[in-house]
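Worksheet: the structure to be examined is printed underneath.
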Amino acid sequence: MASIQKRLPENVPGDFYVDTTCIDCDTCRQIAPETFRDVGEYSVVYQQPETDEHSKLALMSLVACPTGSIGALGKHDFRLGIDAFPSLIGENIYFCGFTSESSFGAWSYLIQRPESEGGNVLIDSPRFATQLVKRLTERGGVRKMFLTHRDDVADHARFANKFGCERIMHAADGARRLGVERVIEGIEDQYLDDELLVIATPGHTRGHAVLLYKNKFLFTGDHLAWSPTRETLTAFRSVNWYSWPEQIRSMEKLLAYNFDWVLPGHGRIHHDSSENMRAHLKRCIAWMKERD
Ligand code: SF4
């Protein structure tokens, strides 16, 4: 719960505010850019919501915030923010909200599919919040849980316990130690079913992997994301924990695949034609090589 005593002075006066516990994860700025902005090491409210839609987005940010750093002084129907998750991104792909502090607010996603098509898939772990678990149950539960890498596993064990889902993760990121049911080895691609392809992408961590769904949606963990400032795809040099040259090789490997959505754990989502995505990926690789 946010504390008015810890309210950051950079917030504009009014109802919504951010307090000093903010870890600058960017979630609120992605959900409600009309309300929140970055001021260095924190997000703050730079403009109070003026419409019902903006209020709803601010409430969604409050719910999604990993550290409970967003407060609201007025009377609100918080269910508006809670019930909005999982929030539709496109087709049958949803953002789960309810991010976890242990994964630094990484975004997790839901692929909603009928049982006849393999059932629902969670990509990385949201916070194990009762309200989210209830909504996932209403949508058919979780059959598979793909963990891109060791940093974004959060409450994976609690989700596995609740839904009896099969977790999938690469051995090199500690999958066995975490008790994961299906451990990926090596760097060969592995199909989980007709629509889901695991692609090993070592670099950010030794056992990082991405998930390609229907040759269209690429769930990229901390490997690849959209940079709104550079307006192209990017990687995170300062948080490369394993090997930058290896991450470059993994990026080059992705040139062989078609996808027109990039859905990262950290960084921004992007949607474009697969041709444009490939062009952006080439730009990203060239940029990475300059920083090798
Ligand atoms: S979602 Fe929360 S922790 Fe993340 S930037 Fe916003 S206020 Fe800070």
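In each ligand, atom 1 is the first atom listed, and ligand 1 is the first ligand listed. As the structure is a prediction and not an experimental result, all values here were calculated from the model.
- For atom 6 (Fe) of ligand 1, the count of nearby protein N/O/S atoms, taking only those under 2.8 Å, is 1.
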Could you pull out every donor-acceptor pair under 3.5 Å between side chains of residues 113-121 and any protein atom, sequence neighbours left out?
residue: R113; atom: NE; partner: E117; partner atom: O; Å: 3.4
residue: R113; atom: NE; partner: G119; partner atom: O; Å: 2.9
residue: R113; atom: NH1; partner: E117; partner atom: O; Å: 3.3
residue: R113; atom: NH1; partner: D193; partner atom: OD2; Å: 3.2
residue: R113; atom: NH1; partner: E195; partner atom: OE1; Å: 2.9
residue: R113; atom: NH2; partner: G119; partner atom: O; Å: 3.4
residue: R113; atom: NH2; partner: D193; partner atom: OD2; Å: 2.8
residue: E115; atom: OE1; partner: R143; partner atom: NE; Å: 2.9
residue: E115; atom: OE1; partner: R143; partner atom: NH2; Å: 3.4
residue: E115; atom: OE2; partner: R143; partner atom: NE; Å: 3.3
residue: N120; atom: OD1; partner: R113; partner atom: N; Å: 2.8
residue: N120; atom: ND2; partner: R139; partner atom: O; Å: 2.8
residue: N120; atom: ND2; partner: G141; partner atom: O; Å: 2.9

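- Close approach of ligand 1 to I23 (heavy-atom distance below 4.0 Å) involves ligand atoms 3 (S), 8 (Fe).
- In this structure, H204 has its ring center closer than 6.0 angstrom to the ring center of H149.
- For the side chain to side chain donor-acceptor pair (under 3.5 Å) test, no residue two or more places apart in sequence or in another chain qualifies with S125.
- Here T67 has side-chain heavy atoms under 4.0 Å from ligand 1, and that is the only part of it that gets that close.
- Take P245 and apply the side-chain contact (heavy atoms from CB on, under 4.5 Å) test, not counting sequence neighbours, and it matches S243, R249, D292.
- Judged by distance alone, the side chains of W261 and D272 never bring a donor and an acceptor atom under 3.5 Å apart.
- Side-chain polar atoms of H156 and D124 form no donor-acceptor pair below 3.5 angstrom.
- Defined by atom type and a distance below 3.5 Å, a donor-acceptor pair is present between the side-chain atoms of Y257 and D189.
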